Number of protein chains: 2
Amino acid sequence: MDVHEHETQEDSGAPAAARDEAGYFSSAFVEAVGDAIENRDRKTLRDLCQDLHNADLADLIEQLDQERRTQLIQLLGRDFDFAVLTEVDDTVREQILEALPVAAVAAGLRDLDSDDAVYILEDLADQEQEEILARIPEFVRVRLRRSLDYPEETAGRRMQSDVIAVPPFWDVGRTIDYMRESDDLPDEFYELIVVDPSFRPVGTVPLNRLLRTKRPVRIDEIMDTPIRTIRGDLDQEEAARIFERYNLVSAAIVDDSNRLVGVIHHDDIIDVIEEEAEEDIRGLVGLGDEEISDNFLYTARSRFPWLFINLWTAMLAASVIGLFDESLEKMVALAVLMPIVASMGGNAGTQTMTVTVRALATRELGGFNKRRIFWRELLVALLNGVTLAILIGIIAALWFSNAELGGVIGAALVFNLLVAGSAGFVVPVLLDRFGADPAVASSVFLTTVTDVVGFFAFLGLATLLLL
Amino acid sequence: MDVHEHETQEDSGAPAAARDEAGYFSSAFVEAVGDAIENRDRKTLRDLCQDLHNADLADLIEQLDQERRTQLIQLLGRDFDFAVLTEVDDTVREQILEALPVAAVAAGLRDLDSDDAVYILEDLADQEQEEILARIPEFVRVRLRRSLDYPEETAGRRMQSDVIAVPPFWDVGRTIDYMRESDDLPDEFYELIVVDPSFRPVGTVPLNRLLRTKRPVRIDEIMDTPIRTIRGDLDQEEAARIFERYNLVSAAIVDDSNRLVGVIHHDDIIDVIEEEAEEDIRGLVGLGDEEISDNFLYTARSRFPWLFINLWTAMLAASVIGLFDESLEKMVALAVLMPIVASMGGNAGTQTMTVTVRALATRELGGFNKRRIFWRELLVALLNGVTLAILIGIIAALWFSNAELGGVIGAALVFNLLVAGSAGFVVPVLLDRFGADPAVASSVFLTTVTDVVGFFAFLGLATLLLL
């Protein structure tokens, strides 16, 4: 990827000199901002920041020292758009919200779109949330609480509660007039939601169709049905799958009685998809919710549990080796070769496991193809196992001038790859069935199995046949 | 995740009985479709399929046997929307396109949005592409070629070339009238692109603003500037970052001279984000471009290269062990414990590597924080290394009643974790700098380093101090 491509972003609002060629802020610019904060020079600070897009200002804030972040926000005062806080790292956001006075946070949140306000509020402790909510006007507060009442990581948490809904019997002209006259409409929307008298969604009208239709035409003549609604308590990942599957730009969120409570947009869904892919990747290697801006203590603590679990599985594998200490003493070549069997099993099993975890996550693995995929994985393991076994068998036989040793390592390798292929498929499928997240737990189980079986098969066969 | 949540999709168009509770097609439904195909019963087939959304019909096609897939498309004839083919697996799509007559494919592609047609065409061999393009009307063909001329995985390949562009001096009324009267407008769009006389984009107008503005207002009074354009040759991943960063719903695509050539939409970007996250995950464990529907031969062949490379790195590690065969013969406990040191190094290093690979992919790791992150990773390695070393040291000392052995394994572990932390950071950063994809190559390097260093440090220290 060529970093110069970033030049197409040159009109992104930031002064050209503020960025180096890779698109990062130049240190000169960051220092100029730092100096302006130091000198409490509001005018310079405003000039430096005013043309920055929220996402860029968020980057800048992340690059400042901890105290300066809060000072910048306070110096900018009313010119600071709190939506910027939805674009910074979780850790940075928490620091800032802790440092700012409650009144300032409440004032900043009041004017945000409800989904942005909820995004900022949701990570705060209950008491802080209440203090801030108490200072927000009631009609806004009610909406924010409606989102906050949904569990974390649900569609309801991500929804925007300002929605444009119209009845099916209006005509295009009346709808357009209504939109021209109301001034508390959301900033961005792409379709109208058509609702029945009890506020249940019955259809949608894309704005471009509304624009292209003559004024006297009734809304129910141009609306799309059936409407694809999403329940507020649906897992955000499921909501993202629906968006992706049906190429939606926004979707109506409904409550238990199917009444319209909000709308969720493509940009929130893009964030969800990034987050969920990230979670799968992290789960596979035992990373928690750490951010790039976290300090070493937090990072070390969040990674330790995984290493601690792996310590015990490594011990288990070691104790399997310990069973064969006499064989190892008699034939040191076994010690030299045994890690090969275990590590090849681990690699092949991880491939199968990753395919299975992702197919479960993207709903490509269902009842209908589970059996076929299982058999496919076994055949793949057999084919690659036999090929690798022949290679390794020949190398081992030549290395230690012992043809039988070559045969034993080859046989152990085929066996371990078959076990790895089965475990790589069965472990995530079972974890998924029992409601655990297959991405997180699978790889510990898998490497334990491939290590234990790898060492046991190789050392056991060697003890039986060679000694 | 509760599969029953899928019930919120019950209004997705498919007859309720067609789906089991997890949202997959029931085998009864798939069989009914299969029978209708067998009997060449067009009417039943049309009835079964007509209410299915494209994404659902694509699922159904994937579940049919190879010959029946083509038969279904031929039986549906003009009722089959070729856009369905953008929703099936690559492998399935290629099979179908090979089996269908060229004339049928050309007729099917002619009426598609240009981005869908390009998506279907791009994986075909050049000659097949040409045969199909030759049968498509020239004004469509020119547009398709314009996209196909951009390299794979660029924004230009994903763009829709039917665009609505208006001059800045038009007023809202004229714009709306123009949209009502033209009938070759794209099906979906969310904003107008405003262009100067040489067709260079100068601003955008969200449709909702157009709707809420009175007819006599000029377009340049309500347009958003500056416009965030994307060059057609920009890598699709970079384009996705821009969308994500600036929460875009669509973006104008421009050529070298900054002239408007198309537009790229949120739904294409969602696909890109999924694809790229998938690529990173696959790269980390050595998976190629395999699909869940591929057969075992293709799958085995695509996974073999990774296993083959890992075979040699495992051999390298084994040969390091081989250097110490005398020590192992003298003290078999070393053989029992040595995999622990290597595997803990591998686990810790993989954590650092994964964080680094993802931070590079999401542009969170830049010039300004590289040094800080490197030192953080070393401190994390030191802290977790010392903690784990104490634990393992005590266990090893008690297990083999040998305090010195405990000290040696602890020291080797700390050393290996420090090496793993450095390599986990440095390897992907260097690969990225030299233009290689860090997600693909990092983990081979890393596990080689942690295995070799782990065995060498432990066996070397033990040989020096204990024997």
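None of these values were measured; they are calculated from a predicted model. Chain letters run A, B, ... following the sequence lines, proteins first, then strands; residues in each count from 1.
- Distance alone, capped at 3.5 Å, places no donor-acceptor pair between the Arg358(B) side chain and the Glu278(A) backbone.
- For the set Val332(A), Leu383(A), Thr350(A), the entry with the most heavy-atom pairs within less than 4.5 Å of chain B is Val332(A).
- Your options are Met179(B), Glu274(B), Glu329(B), and the one with the most heavy-atom pairs under 4.5 Å with chain A is Glu274(B).
- Among Thr354(B), Asn347(B), Val355(B), Leu284(B), the one residue that satisfies the side chain to side chain contact (heavy atoms under 4.5 Å, CB included) test with Val285(A) is Thr354(B).
- For a residue to count as touching a neighbouring chain, one of its non-hydrogen atoms must lie under 4.5 Å from one of that chain's; by this rule Trp399(A) touches chain B with the side chain only.
- A distance of 5.5 Å separates CG in Asp280(A) from CD1 in Ile281(B), rounded to the nearest 0.5 Å.
- If you tally non-hydrogen atom pairs under 4.5 Å between each of Asn247(A), Asp325(A), Val249(A), Leu328(A) and chain B, the highest count goes to Val249(A).
- Take Glu62(B) and apply the side chain to side chain donor-acceptor pair (under 3.5 Å) test, not counting sequence neighbours, and it matches no residue.
- Contact count versus chain A (heavy atoms, under 4.5 Å) is highest, among Ser343(B), Pro339(B), Ala277(B), Pro206(B), for Pro339(B).
- Counting heavy-atom pairs closer than 4.5 Å to chain A, the top residue among Leu211(B), Asn54(B), Ile373(B), Leu207(B) is Leu211(B).
- Note that the CG atom of Leu311(B) and the CD1 atom of Ile392(A) stand 4.5 Å from one another [nearest 0.5 Å].
- Interface check for chain A: of the options Glu326(B), Met353(B), Met315(B), the most heavy-atom pairs under 4.5 Å are formed by Met315(B).
- Using a 4.5 Å cut-off between heavy atoms, Arg209(B) does not touch chain A at all.
- In this structure, no portion of Arg282(A) lies under 4.5 Å from any heavy atom of chain B.
- Using a 4.5 Å cut-off between heavy atoms, Leu382(B) does not touch chain A at all.
- Interatomic distance, Gln351(B) CD to Ser302(A) OG, rounded to the nearest 0.5 Å: 7.5 Å.
- Note that CD of Glu188(B) and OH of Tyr190(A) are 13.0 Å apart. Values are rounded to the nearest 0.5 Å.
- There is no contact between Ala317(B) and chain A, counting heavy-atom distances below 4.5 Å.
- Neither the backbone nor the side chain of Phe324(B) comes within contact range of chain A; no heavy atoms are under 4.5 Å apart.
- Thr299(B) pairs by the side-chain contact (heavy atoms from CB on, under 4.5 Å) definition with Arg376(A), Val380(A), Glu290(B), Asp294(B), Arg303(B), not counting sequence neighbours.
- Across Asp267(B), Asn208(B), Leu287(B), the residue that shares the most heavy-atom pairs under 4.5 angstrom with chain A is Asn208(B).
- Proximity to chain B (any heavy atom under 4.5 Å) is shown, for Leu378(A), by neither the backbone nor the side chain.
- Ranked by heavy-atom pairs under 4.5 Å with chain A, the first of Asp271(B), Thr175(B), Val357(B), Leu248(B) is Leu248(B).
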